[in-house]
**Student:** 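One structure follows; several queries about it will come next.
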Amino acid sequence: MTHDGLYAKALDLYHEMRTLGLKPDNYTFPPVIKSCGILMDLDKGRVVHQHIIGTGIANLYVNNALIDMYSRCDELGCARKVFDKMPEKDIVSWNSLISGYSSNGYYKEALEIYYWLRNEGLVPDSFTFSRVSLACGGLGEVEEGRKVHGLVEKIGTRRDLIVNNGLLSMYLKFDDVSNCQRIFDEMVDRDSVTWDIMIFAYCELGLYEESIRLFFEMVGRYETDILTITYVLRACGHVRDLKMGRYVHEYMVNKGYECDTLSSNILINMYAKCGDISSSSKVFENMGNKDLVSWNSLINGYVENKSYNEALELFKRMKINVQPDFLTYVALLSVCKELLNVEFTEELHCDIIKQGFDSDQILGNGLIDAYAKCGKIENSMKQFENMKIRDICTWNSIIAAYARVENSMSFRMLTRMRMEGLIPDIPTLVSVLPVCSNLIAKRQGKELHGCIFKLGFESNIRIGNALIEMYSNTGNLKNSILVFEQMKSRDIISWTSLIASYGMYGEGRQAIKAFEDMKATGIIPDEIIFVAIIYACSHSGLVQEGRVFFEQMKKDYNIEPGLVHYACVVDLLARSGFLVEAEDFILSMPLKPDASIWGVLLSACRANGDLKIAERISERVSEQVIELNTNNPGYLILASNVFAALGRRGQVRTIRTSLKAQGIKKEPGFSWVEVKNRVYYFKASDRFFEQHEEVNELLDDLGRLMAKEGYVADVNSVVHDVEDVDKLNILCGHSERLAIAFGLLHTEPGTPLLVMKNLRVCVDCHTVTKYISKIVKREILVRDGNRFHLFKDGVCSCGDHW
DNA sequence: CTAGGGTTAG
C-alpha cells in the first residue's frame, strides 16, 4: 500500500471510531489532522477541526497539527487564525506557520513571521533555518540569506543535516555553486537529499557531466530515489550521452522503480535529445497514463530529430486525446517553418485563436516567422499588425522576414520600431545589414553602422562580420578592411569574410596574406574558408597558388573536397583560359560532376570566346538535361545559347522544350543603380523608364566616341539567333549599359559610380565599360553575379579574369 | 505536531 493509502486508512479508522460513539482526544487528533493535511483533504480537515472545537480543549500539539494541515492545504488565513488564538506556542508552532507560507510561495510573509519570532527573542532551530533559507532562496534575497547563514554559524547548528540541506537549496537558487560546493564538502552528515540537491544543482547550472559524476559517487553509498534518477536522466539527455542514458534507464528498471508518468516523460526527452527517437516513442507507447507533457515531449522529440511529418501525425493523434497547450503550438510552428506548409500554418493559426492562445507573445512571434518562411509575408504583416504587444522578438521577426527576401520594408520596419521607442538589438542589426548589400543601400548601411556604434555593438563579432560583408558588397572594400582591423576579437567567419572581400575585388595577393595571417593566429582553416581563398586566387589569375591551396586542404587539413571545391578549381583554371586543363580536371575528379561544375566551365568558355570547347561541354550538359540538378537553369540556358551561336537550332529547341516542360524559367538579367537614395532597376532593352531618351542619346554619343578609340562590337556576345544588325541593337540595350548611362546622367562628374547586375557581365559590355570609364573619366564599379569590376581609365581591375 | 526535490520551448 502507498503512503497515501495509509493516511486514508487512518481517516477511515477515525470515522469508524466516531460512528462507534468513541470520543477522540488530544492524542487522537494530531495524526488524524496530519493525514488530512498530507492528503490535502481540506473538507475533512475542517470537519475534524469542528470536532476539536466541540471537545473544547485543544492542546499545543493539536493546534500545531492544525496549523500544519491548513498550511499544506494552502489555507494560510486559517493557519494564521489558529496560530493567533493559541494560548501557548512553541517553536514548532512558529516553524509550521513559516513552513506554510514558504512552501506555498509566500516567501515575504514567511520572512516576516521569522523577524517577528526573532523580535520575540525566541531562538530559531534547525527547522526554522531550513524554511527561512528556502524563503530567502525563493526571494533571491542574497543579503538576507547570508545573514541567516551567519546566524546558523553563530548558534552552532552548522553541522545539522536539515539546516545544511536548506542552505544548499538556498545557494542553489542564488546560482552560487561555489558556496553549495563548500557547504557540501564541509558536511559531516549527508543523506540522499543532500546528494540529490547537488546533482540537481549541477544540472540546473548546466554542468551535466559533473552531476552524472556525482551520481556514480553516490550509487552504492546512499539510497538513490526516483528523483535522483530523473535528474541524472535529464543530464544524460543534455550531454546527448545515449550510452549513459540507457545505462541509467536500466538501473532505474533494476531498482524496481515503476515508470510513473513524470519519469516516463523525462525518458522520452532524454532519448529524443540523444537522437534515439524510436526509444522515445517506445517509452511513449508503453505508458499507462499519457499526459500533456508526454505528447508534447514526443512531438518535440520528432522536431528535434527533424522528423517533421511524424510530428504532424502525432499532433493529429494528440488532438483526439488531449487538448494541446501553447507549447504544443510552439513546436508545431517550427514544423511549419520546415515543411513550408502554408495550409497547415493557417490551420494552426485557427486552432491557436480558437483556444485563446492568440495573445501569447511567443506564438504570435512564431506565426510571423512561420508565415514568412512559407513565403506568405503578407500574412506575417497581418499578424504583426494584429498583435497588441510587440516585444523585441516581434519586431525582429518581421524585420528578418522582409530582410530574408531583401525587401526594403525591413528598413522601414526598423525605423518604425525605433520611432516606437524600441532599441534594436544584435539580432535585429545582423538581419538587416545584409539587405544593404543588394539594394546598394549605402546610405542605410552607413546609418546602421552609426547606430551600431551608438549602441555599443561594434565589438560584437557577429555584427563585425556582417559589417565586413555589407561594406564589401556595397563597393567599399576600404571600410570592409577597416572594420576587420578594428574588431577586438575575430572568428574564422571574420577572416573568411575578409578573404572573400579581397577575392571579389581581385586582390588575390592580399587574400593570401590574410589567409597566412589567420593561420599564424592559430585558427585552423575549415572547408568554407578554402572556398573563399581558392575563389580569391581564381579572380586574380593566381592559378598556381590556387592549386596549392586545394592540395593543402586535403593534405594538411584532412578536408575531403566537396563539389564546391572542385567547382572552385575548375573556375580557377577556366577563368585564366586553361580550358582544356579544366575539362581534364573535371573528367578526372572522383565525385560525379554536376551541372554547376560543367556550368562553370561553360561560362568561362563563353567569356573566352572558345566555341569549340563550349560546344563539346554544351553537348554534355544538354545530354544530361533531365539528370542534372535543375535548380540552377542558368547553365542549361548557357548551353542553349552556345548552340544558338553555332546556329544549331534543333539543339536549342530541345533544351528550351525540356526547360518549359519542367516549368523552369530563365532568371532575367537586370541591373540597378542608386540615385539620390532611390534604386532604379533596368532590364534588357528596357524602354519604359524615366528619361530613356536621354539615356539612349548618351549611349549613342558614347558609341561614336568609342568607335574613334577603336572599339568594335563583339556580336558573339549576343546569344539570340538573329541578324548582326539586330545583335548590335541588343548589345546596346543590355541592362548594365542602361544603368551606367542613367547613373552617369544623375551623378556629379568625376564621382565614382556603382552599378549592380544579377548575372555575369557579357564580354562586350565589359569592353564597353572600359571605354566609357576612359571617355567620361569616371571610376565605374560594377558588381556582377560574383565579383566586382573597377573600371578606371580604360582598364578593369579584374585584369580580364572575370 | 515541523523538511529537503521531478518533466516539455525560446
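What you see is a predicted model, and the numbers here were worked out from it, not measured in a lab. Letters A, B, ... mirror the listed sequences (proteins, then strands); counts begin at 1. Just so it is clear, the values below take in all heavy atoms, side chains as well, and ignore hydrogens, waters and symmetry mates.
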**Student:** Within residues 309-330 of chain A, which residues have any heavy atom lying less than 4.0 Å from an atom of DNA chain B?
**Tutor:** A/Phe326, A/Leu327
**Student:** If every non-hydrogen atom of A/Trp295 is compared with every non-hydrogen atom of A/Lys290, which pair is closest and at what distance?
**Tutor:** NE1-CB, 3.8 Å
**Student:** I'd like to check the side-chain contact (heavy atoms from CB on, under 4.5 Å) partners of A/Ile197; sequence neighbours left out, ordered by chain and number.
**Tutor:** A/Asn165, A/Leu168, A/Ser169, A/Leu172, A/Val193
**Student:** Measure from CD1 on A/Ile162 to C1' on B/dT2 and round the result to the nearest Å.
**Tutor:** 9 Å
**Student:** Can you tell which of A/Arg246, A/Arg240, A/Lys282 makes a salt bridge (charged side-chain N to carboxylate O under 4.0 Å, His left out) with A/Asp276?
**Tutor:** A/Arg246
**Student:** With respect to the side chain of A/Asp260, which nucleotide from B/dT8, B/dG6, B/dA3 is positioned closest?
**Tutor:** B/dG6
**Student:** With respect to the phosphate group of B/dG6, does any side-chain polar atom (N or O) of A/Arg234 fall under 4.0 Å of OP1 or OP2?
**Tutor:** no
**Student:** Check each of A/Ile91, A/Val92, A/Leu97 against A/Asn64 using the side chain to side chain contact (heavy atoms under 4.5 Å, CB included) test, and report the only one that passes.
**Tutor:** A/Val92
**Student:** Can you see if the side chain of A/Thr230 gets near the phosphate of B/dT7 - specifically, an N or O under 4.0 Å from OP1 or OP2?
**Tutor:** no
**Student:** Does a nitrogen or oxygen in the side chain of A/Lys273 sit under 4.0 Å from OP1 or OP2 of B/dT8?
**Tutor:** no
**Student:** Which nucleotide in the set B/dT2, B/dT8, B/dC1 lies at the smallest distance from any side-chain heavy atom of A/Arg72?
**Tutor:** B/dT2
**Student:** Can you list everything that forms a salt bridge (charged side-chain N to carboxylate O under 4.0 Å, His left out) with A/Glu217? Sequence neighbours excluded, please.
**Tutor:** A/Arg213
**Student:** Does this structure show an ion pair linking A/Lys337 with A/Asp369, if we count only N-O contacts that are shorter than 4.0 Å?
**Tutor:** yes
**Student:** So which nucleotide from B/dT2, B/dT7, B/dA9 ends up closest to the side chain of A/Leu262?
**Tutor:** B/dT7
